[in-house]
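Structure first, commentary second.
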Amino acid sequence: MRHMPNDTIIVSVGDQQFVTEFGDPGLPIDGHGGNDTMIATVDAVNGVLTFVGDDATMQGRSHGGNDLLVANIQGFEDYAVIDGDAQTMSDHAHGGNDMLHVDASTTIYTSLSLFGDAESTMTGHAIGGNDVITAEMGNRSSGAFSGDAGYSMSDHAHGGNDIIDVTQAGIYGGASISGDALVSMSGDARGGNDILIYTVGAGAQSGGASLVGDAGYMSDNARGGNDILIATVDGNPDSTSIVLVGDASNMSGNAHGGNDTLLGSSRDDSLYGDAQTYAPFTAGSITGGRDVLNGGAGNDQLWGGPNNDKFVFNTGSGSDVIHDFDQGNKAVGSTAREHDVINVHDYGFAGWAELKSLISDNSAGNAVIHLTANDTITLDGIHAADLHAKDFIV
């Protein structure tokens, strides 16, 4: 296997300039990319930067290097696309363990696209590296971030175990963050075990993000990884819109969810253990993972999804709603019984008898657990009489 040299590439991008650089252009089909350092300074209006850690395509048994790609962006309406390894990966190509970092915290209307391995597709038996992606977004900026592929993973492609950490530093902005593929996983694709973190910075007036553990859509026999999704709000913005989805926005066919952990922010979040919508091939053909959901403070909306999930509430949790307690399997047409659990140990109740005395039905007939004067849990479609000691960790 031919090894490419370890290169250092430093570029600057000015007004209306288009700069594209590859760490290992001409990488042989079975070659090994160098461990390259690529650094860009973008101080421009309408500047466009494209960094690719290795080559446009990786095929055969080619292997990407362990690259460092860094961009410092200042300006207005700039664009940056950074790929850890290639634009497309196929056959048995293997991504390197790359580090991608962009600081665009002072920009306006900047668009960021950071992908740990391939900008577009991963097919065949391609495998993603274990990448670290960090970014700071500016004012009125948007970002798309994925641990492996910017578009799709199919066939037997496998995602790496990635860390994606995005901060909205500007006043307004929005991000789409996926652990594996930004759009879809199909065939027998497998997601990695990823960590996704989104932070609304102290200076933000509003923040918006969707964090998806694996991909926007999972179909066929795709399987999600065991992911951790974390949302944090450092300041006191006027509004936020944060959605955490353990596996995919839509799961269809025979897709299988991973065992995910979702940790919401101090604001009003929506948490889905597996997916937002389901389209099983046959009744029950989609299976969910055993997920842990903690909405944090704020008034959160929670869906565990199919399988046995755990809902965790800490003091100051706010007025939350669990929409599918012991009912997640119904979404995929399964008749298998579910046993979800609600963990309220942080509230210090003496036992089940004390907690039971705090549960009653509201005017709609839904059970409401009155943890404190300000903290409640409403169980949509569940009556107080349906609940037992086994449903809680006290």
Side-chain angles (χ1 to χ4, degrees), residues 57-58 81-93 95 112-129 131 133 142-162 164 166 174-194 196 209-227 229 243-258 260 262 272-282 285-289 303 305-306 331-332:
T57 61
M58 290 176 57
V81 179
I82 300 181
D83 311 323
D85 294 286
Q87 291 168 318
T88 62
M89 294 172 58
S90 60
D91 303 330
H92 288 82
L112 304 179
S113 300
L114 278 65
F115 312 116
D117 294 286
E119 177 181 334
S120 180
T121 60
M122 293 173 60
T123 62
H125 290 81
I127 299 175
D131 307 307
I133 299 172
S142 61
F145 309 89
S146 70
D148 296 286
Y151 185 72
S152 67
M153 294 169 56
S154 59
D155 301 328
H156 295 275
H158 199 302
N161 303 326
D162 308 306
I164 306 175
V166 177
S176 297
I177 308 171
S178 292
D180 296 288
L182 202 61
V183 179
S184 68
M185 289 173 56
S186 60
D188 291 294
R190 295 291 184 267
N193 303 326
D194 307 307
L196 281 58
S210 64
L211 285 70
V212 179
D214 295 287
Y217 299 88
M218 287 174 58
S219 60
D220 303 327
N221 297 302
R223 180 182 293 267
N226 302 327
D227 306 308
L229 285 63
V243 179
L244 292 81
V245 183
D247 294 288
S249 297
N250 176 277
M251 294 173 65
S252 64
N254 302 295
H256 194 299
D260 306 308
L262 283 61
Y272 300 83
D274 295 291
Q276 292 174 289
T277 60
Y278 303 90
F281 179 71
T282 59
S285 62
I286 294 172
T287 53
W303 291 262
V332 296

Practice problem: Could I get the full list of side-chain contact (heavy atoms from CB on, under 4.5 Å) partners for Thr287, not counting sequence neighbours? | Solution: His256

Below 3.5 Å, can you tabulate the donor-acceptor pairs from side chains in residues 152-160 to any protein atom, sequence neighbours excluded?
| from | atom 1 | to | atom 2 | distance (Å) |
| --- | --- | --- | --- | --- |
| Asp155 | OD2 | Gly124 | N | 2.9 |

Quiz item: To the nearest 0.5 Å, how far apart are CG in Asp85 and OG1 in Thr57?
Solution: 12.0 Å

Quiz prompt | CG-CZ distance between Leu114 and Phe145, expressed to the nearest 0.5 angstrom | solution = 5.5 Å

Quiz prompt | Pairing residues for Tyr278 by the side-chain contact (heavy atoms from CB on, under 4.5 Å) criterion, not counting sequence neighbours | solution = Met251, Asp274, Ala275, Pro280, Ile286, Pro306, Ala331, Val332

Practice problem: Kindly write out the residues that satisfy ring-ring contact (aromatic ring centres under 6.0 Å, His included) with Phe115, not counting sequence neighbours, or none if the list is empty. | Solution: none

Quiz item: Does the side chain of Asp117 reach to within under 4.5 Å of the side chain of Asp131, using non-hydrogen atoms?
Solution: yes

Practice problem: Report yes if the side chains of Asp162 and Asp148 come closer than 4.5 Å at any heavy-atom pair, otherwise no. | Solution: yes

Self-check item: Ser186 versus Ser219, closest heavy-atom pair with distance
Solution: CB-OG, 3.4 Å

Quiz item: Checking Ser210 side chain against Ser176 main chain: does a donor-acceptor pair fall under 3.5 Å?
Solution: no

Self-check item: Where Leu182 and Ala144 come nearest, the two heavy atoms and their spacing
Solution: CD2-CB, 3.6 Å

Exercise. Could I get the full list of side-chain contact (heavy atoms from CB on, under 4.5 Å) partners for Asn221, not counting sequence neighbours?
Key: Asp188, Asn254

Quiz item: In Å and rounded to the nearest 0.5 Å, what is the CD1 to OG distance from Ile133 to Ser146?
Solution: 6.5 Å

Quiz item: Residues in side-chain contact (heavy atoms from CB on, under 4.5 Å) with Val212, at least two apart?
Solution: Ser178, Val245, Ser249

Self-check item: Between CG on residue Asp194 and CD1 on residue Ile164, distance to nearest 0.5 Å
Solution: 6.5 Å

Self-check item: Under 3.5 Å: donor-acceptor pair, side chain of Asn193, backbone of Asn226
Solution: yes

Quiz item: Within the side chain of Asp214, is there an N or O that forms a donor-acceptor pair under 3.5 Å with the backbone of Ala248?
Solution: no

Exercise. Mind checking the CE-CE spacing from Met122 to Met89? Nearest 0.5 Å is all I need.
Key: 4.5 Å

Practice problem: Taking all non-hydrogen atoms of both residues into account, name the closest pair between Ala215 and Ser184 and its distance. | Solution: CB-C, 3.9 Å

